[in-house]
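Data block below; observations after.
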Number of protein chains: 2
Amino acid sequence: MATDQRQADPNRTLELLWDVQPAPTRGPKPALSVRQIVDAGIAIADAEGVAAVSMRRVADELGYTTMSLYRYVPSKTDLLELMVEHASEVPEAPDGLTGWREKLRWWATRTVDVYRHRRWALDVPLNSPPMGPNQIKRMEQALEALDETGLSGGEMLGILVALSGYVRGHAQLASTLADVEARTGTPQAAWDQAYGRMLTTFVNPAEHPTLARIVTQDGFASYAEPDDEWLGDDFAFGLELVLDGIERYLERRMSPE
Amino acid sequence: MATDQRQADPNRTLELLWDVQPAPTRGPKPALSVRQIVDAGIAIADAEGVAAVSMRRVADELGYTTMSLYRYVPSKTDLLELMVEHASEVPEAPDGLTGWREKLRWWATRTVDVYRHRRWALDVPLNSPPMGPNQIKRMEQALEALDETGLSGGEMLGILVALSGYVRGHAQLASTLADVEARTGTPQAAWDQAYGRMLTTFVNPAEHPTLARIVTQDGFASYAEPDDEWLGDDFAFGLELVLDGIERYLERRMSPE
DNA sequence: CTAGAACTGTGTACAACATAAACCAAGTGC
DNA sequence: GCACTTGGTTTATGTTGTACACAGTTCTAG
(Lines give C-alpha, C1' and ligand atoms only; values in the text may rest on other atoms or scores of the structure.)
Protein backbone atom coordinates (compact mmCIF):
# COMPACT_ATOMS: atom_id res chain seq x y z
CA MET A 1 0.00 0.00 0.00
CA ALA A 2 3.01 2.20 -0.30
CA THR A 3 2.47 5.11 2.01
CA ASP A 4 -1.25 4.87 2.44
CA GLN A 5 -2.21 8.20 3.88
CA ARG A 6 -0.03 10.85 5.39
CA GLN A 7 -2.74 13.10 6.69
CA ALA A 8 -6.49 12.94 6.77
CA ASP A 9 -8.77 15.91 6.31
CA PRO A 10 -11.83 15.45 8.49
CA ASN A 11 -13.69 18.33 6.90
CA ARG A 12 -13.29 16.99 3.40
CA THR A 13 -14.36 13.56 4.58
CA LEU A 14 -17.44 15.02 6.18
CA GLU A 15 -18.30 16.93 3.03
CA LEU A 16 -18.17 13.69 1.10
CA LEU A 17 -20.14 11.69 3.63
CA TRP A 18 -22.93 14.23 3.83
CA ASP A 19 -22.79 15.00 0.14
CA VAL A 20 -22.38 18.72 0.46
CA GLN A 21 -19.97 19.50 -2.32
CA PRO A 22 -19.25 23.11 -3.12
CA ALA A 23 -20.43 22.32 -6.67
CA PRO A 24 -17.79 23.78 -8.95
CA THR A 25 -18.92 25.82 -11.92
CA ARG A 26 -15.71 26.39 -13.78
CA GLY A 27 -13.95 23.48 -15.46
CA PRO A 28 -15.15 20.66 -17.70
CA LYS A 29 -18.17 18.58 -16.76
CA PRO A 30 -17.20 15.67 -14.56
CA ALA A 31 -17.75 12.37 -16.31
CA LEU A 32 -17.79 10.40 -13.09
CA SER A 33 -19.31 10.97 -9.70
CA VAL A 34 -18.44 10.00 -6.18
CA ARG A 35 -21.53 7.90 -6.08
CA GLN A 36 -20.52 5.88 -9.13
CA ILE A 37 -17.08 5.25 -7.71
CA VAL A 38 -18.44 4.18 -4.35
CA ASP A 39 -20.99 1.89 -5.98
CA ALA A 40 -18.32 0.29 -8.09
CA GLY A 41 -16.26 -0.30 -4.99
CA ILE A 42 -19.22 -1.82 -3.21
CA ALA A 43 -19.92 -4.11 -6.13
CA ILE A 44 -16.37 -5.42 -6.06
CA ALA A 45 -16.42 -5.87 -2.31
CA ASP A 46 -19.74 -7.68 -2.48
CA ALA A 47 -18.38 -10.09 -5.02
CA GLU A 48 -14.81 -10.61 -3.91
CA GLY A 49 -14.29 -9.03 -0.53
CA VAL A 50 -12.71 -5.79 0.45
CA ALA A 51 -9.22 -7.07 -0.27
CA ALA A 52 -10.08 -7.05 -3.96
CA VAL A 53 -10.91 -3.35 -3.89
CA SER A 54 -7.96 -1.42 -5.21
CA MET A 55 -7.99 1.95 -6.85
CA ARG A 56 -6.85 0.34 -10.07
CA ARG A 57 -9.58 -2.23 -9.93
CA VAL A 58 -12.34 0.28 -9.28
CA ALA A 59 -11.11 2.52 -12.06
CA ASP A 60 -10.92 -0.40 -14.49
CA GLU A 61 -14.44 -1.38 -13.63
CA LEU A 62 -15.60 2.10 -14.55
CA GLY A 63 -13.45 2.37 -17.65
CA TYR A 64 -11.24 5.19 -16.43
CA THR A 65 -7.67 5.50 -15.27
CA THR A 66 -6.62 4.91 -11.71
CA MET A 67 -5.69 8.50 -11.07
CA SER A 68 -8.98 9.88 -12.24
CA LEU A 69 -10.56 8.61 -9.05
CA TYR A 70 -8.44 10.99 -7.04
CA ARG A 71 -10.34 13.90 -8.54
CA TYR A 72 -13.36 12.69 -6.60
CA VAL A 73 -12.01 10.93 -3.56
CA PRO A 74 -9.01 12.08 -1.55
CA SER A 75 -7.72 8.65 -0.66
CA LYS A 76 -8.51 4.99 -0.56
CA THR A 77 -9.21 5.26 3.13
CA ASP A 78 -11.96 7.74 2.41
CA LEU A 79 -13.33 5.57 -0.35
CA LEU A 80 -13.64 2.67 2.05
CA GLU A 81 -15.36 4.82 4.61
CA LEU A 82 -17.80 6.01 1.98
CA MET A 83 -18.43 2.44 0.92
CA VAL A 84 -19.31 1.41 4.45
CA GLU A 85 -21.53 4.42 4.88
CA HIS A 86 -23.46 3.77 1.69
CA ALA A 87 -23.63 0.05 2.22
CA SER A 88 -25.25 0.33 5.61
CA GLU A 89 -28.48 1.96 4.71
CA VAL A 90 -30.84 2.28 7.64
CA PRO A 91 -34.42 1.11 7.24
CA GLU A 92 -37.21 3.05 8.89
CA ALA A 93 -38.40 1.51 12.08
CA PRO A 94 -41.76 -0.22 11.62
CA ASP A 95 -44.75 1.13 13.50
CA GLY A 96 -45.74 -1.99 15.33
CA LEU A 97 -42.88 -1.98 17.79
CA THR A 98 -43.85 -1.27 21.36
CA GLY A 99 -41.46 -0.71 24.19
CA TRP A 100 -37.74 -0.07 24.26
CA ARG A 101 -36.90 -3.73 24.35
CA GLU A 102 -38.73 -4.63 21.18
CA LYS A 103 -37.31 -1.58 19.45
CA LEU A 104 -33.75 -2.30 20.50
CA ARG A 105 -34.10 -5.91 19.44
CA TRP A 106 -35.25 -4.78 16.04
CA TRP A 107 -32.41 -2.28 15.89
CA ALA A 108 -29.71 -4.76 16.80
CA THR A 109 -31.04 -7.34 14.39
CA ARG A 110 -31.16 -4.85 11.54
CA THR A 111 -27.64 -3.75 12.37
CA VAL A 112 -26.24 -7.23 12.33
CA ASP A 113 -28.12 -7.84 9.11
CA VAL A 114 -25.94 -5.26 7.44
CA TYR A 115 -22.88 -7.20 8.48
CA ARG A 116 -24.50 -10.40 7.40
CA HIS A 117 -25.14 -9.15 3.89
CA ARG A 118 -21.99 -7.09 3.58
CA ARG A 119 -19.47 -9.07 5.53
CA TRP A 120 -16.67 -7.04 4.06
CA ALA A 121 -17.88 -4.06 6.10
CA LEU A 122 -16.31 -5.68 9.15
CA ASP A 123 -12.97 -5.90 7.39
CA VAL A 124 -12.75 -2.21 6.71
CA PRO A 125 -10.43 -0.83 9.35
CA LEU A 126 -12.24 1.54 11.65
CA ASN A 127 -10.30 4.78 11.78
CA SER A 128 -12.66 7.48 12.86
CA PRO A 129 -15.81 7.88 14.91
CA PRO A 130 -19.12 7.26 13.12
CA MET A 131 -19.76 10.39 11.10
CA GLY A 132 -21.88 9.56 8.09
CA PRO A 133 -25.62 10.17 7.76
CA ASN A 134 -26.47 6.50 8.05
CA GLN A 135 -24.27 5.97 11.06
CA ILE A 136 -25.82 8.96 12.76
CA LYS A 137 -29.30 7.86 11.83
CA ARG A 138 -28.57 4.48 13.29
CA MET A 139 -27.48 6.09 16.53
CA GLU A 140 -30.60 8.19 16.56
CA GLN A 141 -32.79 5.14 16.17
CA ALA A 142 -31.24 3.39 19.12
CA LEU A 143 -31.50 6.48 21.25
CA GLU A 144 -35.13 6.95 20.26
CA ALA A 145 -35.81 3.43 21.42
CA LEU A 146 -34.31 4.25 24.79
CA ASP A 147 -35.96 7.62 25.06
CA GLU A 148 -39.07 6.34 26.78
CA THR A 149 -37.02 4.99 29.66
CA GLY A 150 -36.32 8.43 31.01
CA LEU A 151 -32.64 7.77 31.39
CA SER A 152 -30.10 10.56 31.12
CA GLY A 153 -28.26 11.17 27.87
CA GLY A 154 -25.08 9.77 29.32
CA GLU A 155 -26.75 6.58 30.41
CA MET A 156 -28.39 6.13 27.05
CA LEU A 157 -25.07 6.57 25.31
CA GLY A 158 -23.46 4.07 27.64
CA ILE A 159 -26.09 1.51 26.79
CA LEU A 160 -25.75 2.29 23.10
CA VAL A 161 -22.00 1.76 23.20
CA ALA A 162 -22.41 -1.50 25.08
CA LEU A 163 -24.99 -2.80 22.68
CA SER A 164 -23.08 -1.67 19.59
CA GLY A 165 -20.01 -3.29 21.02
CA TYR A 166 -21.80 -6.56 21.42
CA VAL A 167 -23.28 -6.43 17.93
CA ARG A 168 -20.03 -5.60 16.23
CA GLY A 169 -17.93 -7.95 18.27
CA HIS A 170 -20.25 -10.87 17.81
CA ALA A 171 -20.56 -10.22 14.09
CA GLN A 172 -16.80 -10.18 13.78
CA LEU A 173 -16.32 -13.44 15.59
CA ALA A 174 -19.10 -15.09 13.66
CA SER A 175 -17.82 -13.81 10.37
CA THR A 176 -14.36 -15.11 11.12
CA LEU A 177 -15.67 -18.56 11.88
CA ALA A 178 -17.96 -18.64 8.89
CA ASP A 179 -15.57 -17.34 6.27
CA VAL A 180 -12.31 -19.10 7.02
CA GLU A 181 -12.28 -20.58 3.58
CA ALA A 182 -12.80 -17.30 1.78
CA ARG A 183 -10.28 -15.57 4.00
CA THR A 184 -7.47 -18.06 3.81
CA GLY A 185 -7.99 -19.81 0.52
CA THR A 186 -7.86 -23.11 2.33
CA PRO A 187 -10.91 -25.38 2.21
CA GLN A 188 -13.20 -25.38 5.18
CA ALA A 189 -12.70 -29.09 5.57
CA ALA A 190 -8.97 -28.69 6.07
CA TRP A 191 -9.59 -26.15 8.82
CA ASP A 192 -12.14 -28.31 10.54
CA GLN A 193 -9.80 -31.25 10.49
CA ALA A 194 -6.85 -29.23 11.76
CA TYR A 195 -8.96 -27.64 14.45
CA GLY A 196 -10.29 -30.93 15.59
CA ARG A 197 -6.83 -32.38 15.76
CA MET A 198 -5.67 -29.39 17.76
CA LEU A 199 -8.47 -29.83 20.23
CA THR A 200 -7.82 -33.48 20.77
CA THR A 201 -4.04 -33.12 20.82
CA PHE A 202 -3.49 -30.10 22.99
CA VAL A 203 -6.61 -29.75 25.05
CA ASN A 204 -5.91 -32.33 27.69
CA PRO A 205 -8.04 -32.67 30.82
CA ALA A 206 -5.09 -31.78 33.02
CA GLU A 207 -4.62 -28.26 31.74
CA HIS A 208 -8.03 -27.59 30.27
CA PRO A 209 -10.49 -29.62 32.30
CA THR A 210 -13.64 -27.73 31.42
CA LEU A 211 -12.90 -27.30 27.76
CA ALA A 212 -11.85 -30.92 27.46
CA ARG A 213 -15.11 -32.04 28.98
CA ILE A 214 -17.15 -29.94 26.59
CA VAL A 215 -15.18 -31.16 23.63
CA THR A 216 -15.71 -34.80 24.49
CA GLN A 217 -19.38 -34.12 25.12
CA ASP A 218 -19.37 -32.76 21.58
CA GLY A 219 -20.93 -29.49 22.56
CA PHE A 220 -18.36 -28.00 20.24
CA ALA A 221 -19.81 -29.39 17.08
CA SER A 222 -22.05 -26.48 16.23
CA TYR A 223 -19.11 -24.12 16.56
CA ALA A 224 -16.63 -26.16 14.66
CA GLU A 225 -19.04 -26.30 11.75
CA PRO A 226 -21.02 -23.11 11.66
CA ASP A 227 -24.33 -23.44 9.96
CA ASP A 228 -25.78 -21.38 7.17
CA GLU A 229 -27.57 -19.16 9.59
CA TRP A 230 -24.32 -17.45 10.41
CA LEU A 231 -24.72 -18.18 14.08
CA GLY A 232 -28.09 -16.47 13.94
CA ASP A 233 -29.49 -18.25 16.96
CA ASP A 234 -26.35 -17.52 18.82
CA PHE A 235 -26.58 -13.85 18.10
CA ALA A 236 -30.14 -13.79 19.34
CA PHE A 237 -29.15 -15.66 22.47
CA GLY A 238 -26.49 -13.14 23.37
CA LEU A 239 -28.72 -10.26 22.40
CA GLU A 240 -31.34 -11.33 24.90
CA LEU A 241 -28.64 -11.50 27.54
CA VAL A 242 -27.69 -7.92 26.87
CA LEU A 243 -31.31 -6.80 26.73
CA ASP A 244 -31.96 -8.58 30.03
CA GLY A 245 -29.04 -6.71 31.48
CA ILE A 246 -30.46 -3.40 30.31
CA GLU A 247 -33.85 -4.31 31.73
CA ARG A 248 -32.38 -5.08 35.11
CA TYR A 249 -30.48 -1.82 35.04
CA LEU A 250 -33.71 0.01 34.38
CA GLU A 251 -35.49 -1.76 37.19
CA ARG A 252 -32.77 -0.88 39.65
CA ARG A 253 -32.51 2.64 38.40
CA MET A 254 -36.21 3.33 38.54
CA SER A 255 -37.13 1.56 41.70
CA PRO A 256 -37.43 3.77 44.80
CA GLU A 257 -34.23 3.72 46.79
CA MET B 1 1.19 -6.42 -0.37
CA ALA B 2 1.37 -7.96 -3.76
CA THR B 3 -0.41 -11.25 -3.48
CA ASP B 4 -0.53 -11.58 0.25
CA GLN B 5 -1.23 -15.22 0.72
CA ARG B 6 -2.42 -17.72 -1.80
CA GLN B 7 -3.08 -20.55 0.54
CA ALA B 8 -2.83 -21.05 4.24
CA ASP B 9 -1.64 -24.23 5.88
CA PRO B 10 -3.56 -24.73 9.11
CA ASN B 11 -1.33 -27.51 10.27
CA ARG B 12 1.84 -25.52 9.88
CA THR B 13 0.21 -22.58 11.66
CA LEU B 14 -0.79 -24.83 14.52
CA GLU B 15 2.72 -26.23 14.79
CA LEU B 16 4.05 -22.73 15.13
CA LEU B 17 1.43 -21.59 17.60
CA TRP B 18 1.95 -24.56 19.87
CA ASP B 19 5.68 -24.59 19.31
CA VAL B 20 5.95 -28.20 18.23
CA GLN B 21 8.52 -28.02 15.47
CA PRO B 22 9.83 -31.26 14.06
CA ALA B 23 13.31 -30.02 15.06
CA PRO B 24 15.47 -30.62 12.02
CA THR B 25 18.83 -32.29 12.53
CA ARG B 26 20.47 -31.85 9.18
CA GLY B 27 21.49 -28.45 7.93
CA PRO B 28 23.31 -25.52 9.53
CA LYS B 29 22.26 -24.22 12.93
CA PRO B 30 19.56 -21.61 12.64
CA ALA B 31 20.79 -18.21 13.66
CA LEU B 32 17.34 -16.88 14.33
CA SER B 33 14.26 -18.30 15.97
CA VAL B 34 10.56 -17.86 15.55
CA ARG B 35 10.44 -16.35 18.98
CA GLN B 36 12.98 -13.66 18.15
CA ILE B 37 11.13 -12.73 15.00
CA VAL B 38 7.80 -12.55 16.76
CA ASP B 39 9.26 -10.47 19.57
CA ALA B 40 10.81 -8.07 17.10
CA GLY B 41 7.45 -7.71 15.42
CA ILE B 42 5.75 -7.07 18.72
CA ALA B 43 8.31 -4.44 19.63
CA ILE B 44 7.65 -2.58 16.40
CA ALA B 45 3.90 -2.84 16.80
CA ASP B 46 4.11 -1.63 20.37
CA ALA B 47 6.07 1.41 19.31
CA GLU B 48 4.50 2.31 15.99
CA GLY B 49 1.42 0.23 15.44
CA VAL B 50 0.82 -2.80 13.35
CA ALA B 51 0.98 -0.84 10.11
CA ALA B 52 4.68 -0.32 10.69
CA VAL B 53 5.30 -4.05 10.82
CA SER B 54 6.62 -5.18 7.48
CA MET B 55 8.79 -8.16 6.75
CA ARG B 56 11.57 -5.82 5.69
CA ARG B 57 11.29 -3.82 8.87
CA VAL B 58 11.36 -6.84 11.16
CA ALA B 59 14.33 -8.29 9.35
CA ASP B 60 16.22 -5.00 9.52
CA GLU B 61 15.58 -4.80 13.22
CA LEU B 62 17.18 -8.20 13.63
CA GLY B 63 20.03 -7.54 11.23
CA TYR B 64 19.06 -10.10 8.64
CA THR B 65 17.60 -10.04 5.18
CA THR B 66 13.89 -9.95 4.52
CA MET B 67 13.77 -13.36 2.99
CA SER B 68 15.52 -15.05 5.88
CA LEU B 69 12.32 -14.67 7.90
CA TYR B 70 10.53 -16.99 5.54
CA ARG B 71 12.68 -19.84 6.77
CA TYR B 72 10.88 -19.52 10.09
CA VAL B 73 7.48 -18.14 9.29
CA PRO B 74 5.42 -19.11 6.27
CA SER B 75 3.81 -15.73 5.71
CA LYS B 76 3.19 -12.35 7.17
CA THR B 77 -0.32 -13.43 8.08
CA ASP B 78 1.11 -16.15 10.26
CA LEU B 79 3.59 -13.77 11.79
CA LEU B 80 0.78 -11.45 12.81
CA GLU B 81 -1.19 -14.29 14.28
CA LEU B 82 1.84 -15.39 16.27
CA MET B 83 2.33 -11.84 17.46
CA VAL B 84 -1.20 -11.64 18.77
CA GLU B 85 -0.88 -15.02 20.42
CA HIS B 86 2.32 -14.11 22.20
CA ALA B 87 1.19 -10.64 23.10
CA SER B 88 -1.91 -11.82 24.86
CA GLU B 89 -0.43 -13.80 27.67
CA VAL B 90 -3.00 -15.03 30.13
CA PRO B 91 -2.44 -14.45 33.83
CA GLU B 92 -3.43 -17.11 36.29
CA ALA B 93 -6.72 -16.41 37.99
CA PRO B 94 -6.23 -15.24 41.57
CA ASP B 95 -7.53 -17.40 44.36
CA GLY B 96 -9.73 -14.88 46.05
CA LEU B 97 -12.45 -14.89 43.43
CA THR B 98 -15.74 -16.38 44.50
CA GLY B 99 -18.64 -17.05 42.23
CA TRP B 100 -18.98 -17.05 38.48
CA ARG B 101 -19.77 -13.38 38.35
CA GLU B 102 -16.65 -12.23 40.08
CA LYS B 103 -14.58 -14.62 38.00
CA LEU B 104 -16.10 -13.52 34.73
CA ARG B 105 -15.65 -9.89 35.66
CA TRP B 106 -11.99 -10.53 36.33
CA TRP B 107 -11.71 -12.44 33.09
CA ALA B 108 -13.30 -9.75 30.97
CA THR B 109 -11.25 -7.03 32.57
CA ARG B 110 -8.01 -8.93 32.03
CA THR B 111 -8.99 -9.56 28.44
CA VAL B 112 -9.69 -5.94 27.72
CA ASP B 113 -6.43 -5.06 29.45
CA VAL B 114 -4.60 -6.87 26.72
CA TYR B 115 -6.26 -4.66 24.14
CA ARG B 116 -5.57 -1.63 26.26
CA HIS B 117 -1.85 -2.30 26.40
CA ARG B 118 -1.52 -3.70 22.91
CA ARG B 119 -4.03 -1.72 20.95
CA TRP B 120 -2.53 -2.95 17.72
CA ALA B 121 -3.90 -6.41 18.50
CA LEU B 122 -7.32 -5.14 17.48
CA ASP B 123 -5.97 -4.03 14.12
CA VAL B 124 -4.70 -7.44 13.17
CA PRO B 125 -7.30 -8.85 10.82
CA LEU B 126 -8.97 -11.89 12.31
CA ASN B 127 -8.73 -14.72 9.83
CA SER B 128 -9.09 -17.94 11.72
CA PRO B 129 -10.71 -19.24 14.87
CA PRO B 130 -8.74 -18.89 18.10
CA MET B 131 -6.15 -21.64 17.99
CA GLY B 132 -3.13 -20.65 20.03
CA PRO B 133 -2.33 -21.83 23.55
CA ASN B 134 -3.14 -18.48 25.09
CA GLN B 135 -6.40 -18.14 23.23
CA ILE B 136 -7.41 -21.60 24.32
CA LYS B 137 -6.32 -20.97 27.87
CA ARG B 138 -8.41 -17.84 27.88
CA MET B 139 -11.42 -19.82 26.74
CA GLU B 140 -10.78 -22.39 29.40
CA GLN B 141 -10.68 -19.73 32.10
CA ALA B 142 -14.04 -18.33 31.10
CA LEU B 143 -15.56 -21.76 30.92
CA GLU B 144 -14.15 -22.66 34.32
CA ALA B 145 -15.81 -19.58 35.73
CA LEU B 146 -19.12 -20.76 34.35
CA ASP B 147 -18.64 -24.34 35.35
CA GLU B 148 -20.22 -23.95 38.74
CA THR B 149 -23.48 -22.82 37.20
CA GLY B 150 -24.30 -26.28 35.98
CA LEU B 151 -25.17 -25.10 32.50
CA SER B 152 -24.68 -27.30 29.48
CA GLY B 153 -21.58 -26.97 27.34
CA GLY B 154 -23.56 -25.34 24.57
CA GLU B 155 -25.01 -22.75 26.89
CA MET B 156 -21.63 -21.96 28.35
CA LEU B 157 -20.18 -21.51 24.89
CA GLY B 158 -23.06 -19.25 23.94
CA ILE B 159 -22.39 -17.06 26.93
CA LEU B 160 -18.67 -17.06 26.19
CA VAL B 161 -19.24 -15.93 22.63
CA ALA B 162 -21.61 -13.21 23.77
CA LEU B 163 -19.20 -11.93 26.37
CA SER B 164 -16.18 -12.13 24.08
CA GLY B 165 -18.17 -10.30 21.48
CA TYR B 166 -18.93 -7.51 23.87
CA VAL B 167 -15.34 -7.25 25.04
CA ARG B 168 -13.87 -7.17 21.59
CA GLY B 169 -16.49 -4.91 20.12
CA HIS B 170 -16.28 -2.40 22.89
CA ALA B 171 -12.50 -2.39 22.82
CA GLN B 172 -12.59 -1.73 19.12
CA LEU B 173 -14.96 1.18 19.38
CA ALA B 174 -13.05 2.66 22.29
CA SER B 175 -9.72 2.24 20.55
CA THR B 176 -11.05 3.95 17.45
CA LEU B 177 -12.26 6.93 19.42
CA ALA B 178 -9.10 7.18 21.48
CA ASP B 179 -6.55 6.83 18.71
CA VAL B 180 -7.93 8.94 15.89
CA GLU B 181 -4.81 11.01 15.89
CA ALA B 182 -2.44 8.08 15.68
CA ARG B 183 -4.58 6.43 13.04
CA THR B 184 -5.10 9.34 10.73
CA GLY B 185 -2.11 11.56 11.33
CA THR B 186 -4.47 14.44 11.92
CA PRO B 187 -4.44 16.15 15.32
CA GLN B 188 -7.11 15.20 17.79
CA ALA B 189 -8.18 18.82 18.01
CA ALA B 190 -8.97 18.95 14.31
CA TRP B 191 -11.16 15.90 14.65
CA ASP B 192 -12.97 17.22 17.67
CA GLN B 193 -13.66 20.46 15.91
CA ALA B 194 -14.87 18.77 12.74
CA TYR B 195 -17.01 16.35 14.69
CA GLY B 196 -18.56 19.11 16.71
CA ARG B 197 -19.32 21.07 13.59
CA MET B 198 -20.89 18.01 12.04
CA LEU B 199 -23.10 17.49 15.06
CA THR B 200 -24.34 21.05 15.10
CA THR B 201 -24.71 21.33 11.35
CA PHE B 202 -26.37 18.09 10.40
CA VAL B 203 -28.01 16.84 13.55
CA ASN B 204 -31.12 18.96 13.51
CA PRO B 205 -34.03 18.34 15.90
CA ALA B 206 -36.33 17.57 13.00
CA GLU B 207 -34.52 14.50 11.80
CA HIS B 208 -32.62 13.54 14.90
CA PRO B 209 -34.70 14.70 17.84
CA THR B 210 -33.19 12.50 20.52
CA LEU B 211 -29.61 12.89 19.45
CA ALA B 212 -30.04 16.63 19.07
CA ARG B 213 -31.39 16.88 22.58
CA ILE B 214 -28.48 14.94 24.03
CA VAL B 215 -25.98 17.00 22.10
CA THR B 216 -27.41 20.28 23.35
CA GLN B 217 -27.51 18.88 26.87
CA ASP B 218 -23.83 18.23 26.35
CA GLY B 219 -24.06 14.64 27.37
CA PHE B 220 -21.80 14.04 24.41
CA ALA B 221 -18.78 15.73 25.86
CA SER B 222 -17.22 12.69 27.44
CA TYR B 223 -17.43 10.83 24.16
CA ALA B 224 -16.15 13.56 21.96
CA GLU B 225 -13.09 13.85 24.15
CA PRO B 226 -12.29 10.43 25.52
CA ASP B 227 -10.34 10.51 28.72
CA ASP B 228 -7.13 8.79 29.56
CA GLU B 229 -8.96 5.91 31.08
CA TRP B 230 -9.76 4.67 27.62
CA LEU B 231 -13.46 4.63 28.39
CA GLY B 232 -12.68 2.42 31.36
CA ASP B 233 -15.78 3.32 33.27
CA ASP B 234 -17.80 2.80 30.19
CA PHE B 235 -16.45 -0.66 29.68
CA ALA B 236 -17.28 -1.56 33.25
CA PHE B 237 -20.78 -0.17 32.85
CA GLY B 238 -21.50 -2.32 29.82
CA LEU B 239 -19.84 -5.31 31.41
CA GLU B 240 -22.20 -5.18 34.35
CA LEU B 241 -25.09 -5.05 31.91
CA VAL B 242 -23.92 -8.24 30.27
CA LEU B 243 -23.23 -9.91 33.61
CA ASP B 244 -26.69 -8.92 34.80
CA GLY B 245 -28.09 -10.50 31.68
CA ILE B 246 -26.24 -13.71 32.39
CA GLU B 247 -27.44 -13.69 35.96
CA ARG B 248 -31.03 -13.34 34.90
CA TYR B 249 -30.59 -16.14 32.42
CA LEU B 250 -29.30 -18.34 35.21
CA GLU B 251 -32.18 -17.43 37.47
CA ARG B 252 -34.71 -18.30 34.82
CA ARG B 253 -32.93 -21.44 33.84
CA MET B 254 -32.58 -22.75 37.35
CA SER B 255 -35.89 -21.76 38.79
CA PRO B 256 -38.47 -24.55 38.89
CA GLU B 257 -40.83 -24.27 35.96
C1' DC C 1 35.24 -41.30 4.55
C1' DT C 2 32.80 -39.58 1.23
C1' DA C 3 28.57 -38.45 -1.56
C1' DG C 4 24.46 -36.57 -1.23
C1' DA C 5 20.52 -34.93 1.21
C1' DA C 6 18.62 -31.44 4.17
C1' DC C 7 18.79 -27.08 5.69
C1' DT C 8 20.18 -21.87 6.18
C1' DG C 9 20.75 -17.18 4.73
C1' DT C 10 21.22 -14.13 0.62
C1' DG C 11 20.45 -11.85 -3.79
C1' DT C 12 17.66 -11.01 -7.42
C1' DA C 13 13.25 -10.39 -9.38
C1' DC C 14 8.37 -9.47 -9.89
C1' DA C 15 3.82 -7.98 -9.63
C1' DA C 16 0.67 -5.19 -7.14
C1' DC C 17 -0.13 -1.36 -4.53
C1' DA C 18 -1.27 3.94 -3.22
C1' DT C 19 -0.37 8.19 -4.75
C1' DA C 20 2.58 12.51 -6.20
C1' DA C 21 3.53 15.64 -10.19
C1' DA C 22 3.27 17.46 -14.59
C1' DC C 23 0.38 17.90 -18.48
C1' DC C 24 -3.33 19.19 -21.85
C1' DA C 25 -8.00 19.96 -23.00
C1' DA C 26 -12.47 21.58 -21.61
C1' DG C 27 -15.28 24.77 -19.73
C1' DT C 28 -16.56 29.39 -17.15
C1' DG C 29 -16.31 34.34 -15.51
C1' DC C 30 -14.54 38.80 -16.47
C1' DG D 1 -10.75 36.45 -25.69
C1' DC D 2 -8.07 35.72 -21.82
C1' DA D 3 -7.19 34.00 -17.32
C1' DC D 4 -8.45 30.67 -14.26
C1' DT D 5 -10.38 26.51 -12.68
C1' DT D 6 -11.27 21.82 -13.26
C1' DG D 7 -11.07 16.77 -15.23
C1' DG D 8 -8.72 12.92 -17.07
C1' DT D 9 -4.31 10.97 -18.49
C1' DT D 10 0.54 9.90 -18.37
C1' DT D 11 4.49 9.04 -16.13
C1' DA D 12 7.07 8.06 -12.15
C1' DT D 13 8.29 6.77 -7.27
C1' DG D 14 8.61 4.14 -3.32
C1' DT D 15 6.80 0.15 -0.70
C1' DT D 16 4.92 -3.95 -0.19
C1' DG D 17 4.80 -9.55 0.18
C1' DT D 18 6.96 -13.32 -1.56
C1' DA D 19 8.69 -16.73 -5.48
C1' DC D 20 12.98 -18.60 -6.96
C1' DA D 21 17.69 -19.90 -7.58
C1' DC D 22 22.05 -20.24 -5.39
C1' DA D 23 25.99 -20.94 -2.24
C1' DG D 24 27.49 -22.36 1.93
C1' DT D 25 26.85 -25.52 6.06
C1' DT D 26 25.82 -29.58 8.66
C1' DC D 27 24.38 -34.22 9.19
C1' DT D 28 23.72 -39.07 7.64
C1' DA D 29 23.75 -43.21 4.76
C1' DG D 30 26.71 -46.11 2.26
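Worth knowing before you read on, the calculation uses all heavy atoms, side chains too, and leaves out hydrogens, waters and symmetry mates.
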Decide side chain to side chain contact (heavy atoms under 4.5 Å, CB included) for Met83(A) and Leu80(A); before the verdict, give the C-alpha distance in whole Å, the side-chain angles of both, and the deciding distance to 0.1 Å. CA-CA 5 Å; Met83(A) 282 169 56; Leu80(A) 290 177; 4.0 Å; yes

Can you list the steps and then say if Asp123(A) with Arg183(A) is a side chain to side chain contact (heavy atoms under 4.5 Å, CB included)? CA-CA 11 Å; Asp123(A) 297 328; Arg183(A) 285 168 189 275; 3.2 Å; yes

Distance check needed: [N] [atom2] versus [X] [atom1], whole Å only.
X        : N       : atom1 : atom2 : result
Met55(A) : dT10(D) : CE    : P     : 17 Å
Ile37(B) : dT18(D) : CD1   : P     : 13 Å
Lys76(B) : dA16(C) : NZ    : C1'   : 14 Å
Leu69(B) : dG9(C)  : CG    : P     : 10 Å
Arg56(A) : dT13(D) : CZ    : C1'   : 17 Å
Leu62(B) : dG9(C)  : CG    : P     : 11 Å
Tyr64(A) : dT19(C) : OH    : P     : 21 Å

Between [N] and [X], is there an OP1 or OP2 to side-chain N/O distance shorter than 4.0 Å?
X        : N       : result
Tyr72(B) : dG9(C)  : yes
Ser68(B) : dG9(C)  : no
Tyr70(B) : dT18(D) : yes

Can we say Glu92(B) and Lys137(B) salt-bridge, meaning some charged N sits less than 4.0 Å from an Asp/Glu carboxylate O? yes

Tyr166(B) ring center within less than 6.0 Å of Phe235(B) ring center: yes

Would one find more than 12 heavy atoms of other residues, nucleotides or ligands at under 6.0 Å from atom CZ of Arg57(B)? yes

So which protein N/O to nucleotides 22-26 of chain D N/O distances come out below 3.5 Å?
{"from": "dT26(D)", "atom 1": "O2", "to": "Arg26(B)", "atom 2": "O", "distance (Å)": "3.4"}

Which part of the nucleic acid does Met67(A) contact within heavy-atom distance under 4.0 Å: base, sugar-phosphate only, or nothing?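 Counting heavy atoms under 4.0 Å across all strands, the contact made by Met67(A) includes a base.
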
Looking just at side-chain N and O atoms, do Thr184(A) and Trp191(A) make a donor-acceptor pair shorter than 3.5 Å? yes

If you look at every heavy atom in Tyr115(B) and Ala171(B), which pair is closest and at what distance?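 In this case the closest contact between Tyr115(B) and Ala171(B) is CD1-CB, 3.7 Å.
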
With the side chain of Thr65(B) defined as its heavy atoms from C-beta on, choose the nearest nucleotide among dG11(C), dG17(D), dT19(C).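 Nearest nucleotide to the side chain: dG11(C).
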
